[in-house]
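Shown next, in structure tokens, is the structure this report addresses.
Note that the coordinates shown come from a computational prediction; the quantities given were computed from them, not determined experimentally. Quick note on labels: first sequence line is chain A, next is B, and so on, each numbered from 1.
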Amino acid sequence: MTIYVGNLSFQATEDDLREVFAEYGEVSRISLPTDRETGRKRGFAFVEMKDESKEDLAISELDGAEWLGRELKVNKAKPREDSRGSGGGKSLSNSPY
DNA sequence: CCTGAGCGG
């Protein structure tokens, strides 16, 4: 599960995000995308944890909270794409439906 | 990189 973190301060870094999310669980992965042309931070990030239950807790607690002067917008991120592409199909993951 | 859109490779 990946967490989408929006409305971030441009001064925020991956390490800062890791510390903040580490309060709710061990951070497995951090992603801080930037614009491919200028390299400027777009003000959002992606955080992944080892325990999904901790992610849900972090989302509910950090969403709407103020951080570095900006109100955090935390939500579950869209899955970028399945890593499989060869002949394959969609993942057999259990859908929410 | 000096910026404000919310979803990346």
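- Note on A:L8: a base of the nucleic acid sits closer than 4.0 angstrom, heavy atoms only.
- Residue A:R36 is classed as having no contact, given no heavy-atom separation below 4.0 Å to the nucleic acid.
- The CD-P distance, from A:E55 to B:dC7, rounds to 20 Å in whole Å.
- Side-chain atoms of A:T13 and A:D16 form a donor-acceptor pair, as typed in the model, at a separation below 3.5 Å.
- A:L32 has its CG atom 12 Å from the C1' atom of B:dC1, to the nearest Å.
- Taking atom CG of A:D35 as the reference point, atom P of B:dG9 lies 10 Å away to the nearest angstrom.
- Of all nucleotides listed (B:dG4, B:dG6, B:dC2), B:dG4 comes nearest to the side chain of A:F10.
- How far CD1 of A:I3 is from CG of A:D63: 11.0 Å, rounded to the nearest 0.5 Å.
- In this structure, A:K76 atom NZ and B:dG6 atom C1' are separated by 18 Å, rounded to whole Å.
- When rounded to the nearest whole Å, the span between CZ of A:F44 and P of B:dC7 equals 7 Å.
- The CG atom of A:D63 sits 15 Å away from the P atom of B:dC7 (whole-angstrom rounding).
- What separates NZ of A:K41 from C1' of B:dC1 is a distance of 8 Å, to the nearest Å.
- Of the possible polar contacts, none joining the A:N7 side chain to the A:K73 backbone as a donor-acceptor pair under 3.5 Å is found.
- Among the atoms of the strands shown, base atoms are found under 4.0 Å from some heavy atom of A:S31.
- Map A:I30 and A:Q11 each onto its nearest nucleotide of DNA chain B; the residue landing nearer the 5' end is A:Q11.
- Where A:G43 and A:K78 each meet DNA chain B at their nearest nucleotide, the meeting point lying more 5' is that of A:G43.
- Atoms OH (A:Y4) and C1' (B:dC7) sit 6 Å apart, rounded to a whole Å.
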A:W67 and A:V5: side chain to side chain contact (heavy atoms under 4.5 Å, CB included), yes or no, with the steps? CA-CA 11 Å; A:W67 189 52; A:V5 187; 6.0 Å; no

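- Tracing side-chain contacts under 4.5 Å through hydrophobic residues (I, L, V, M, F, W, Y), one reaches A:M1 starting from A:V47; they form part of the same cluster.
- Distances were taken from every side-chain heavy atom of A:R70 (C-beta onward) to each of B:dG4, B:dC7, B:dA5; the shortest belongs to B:dG4.
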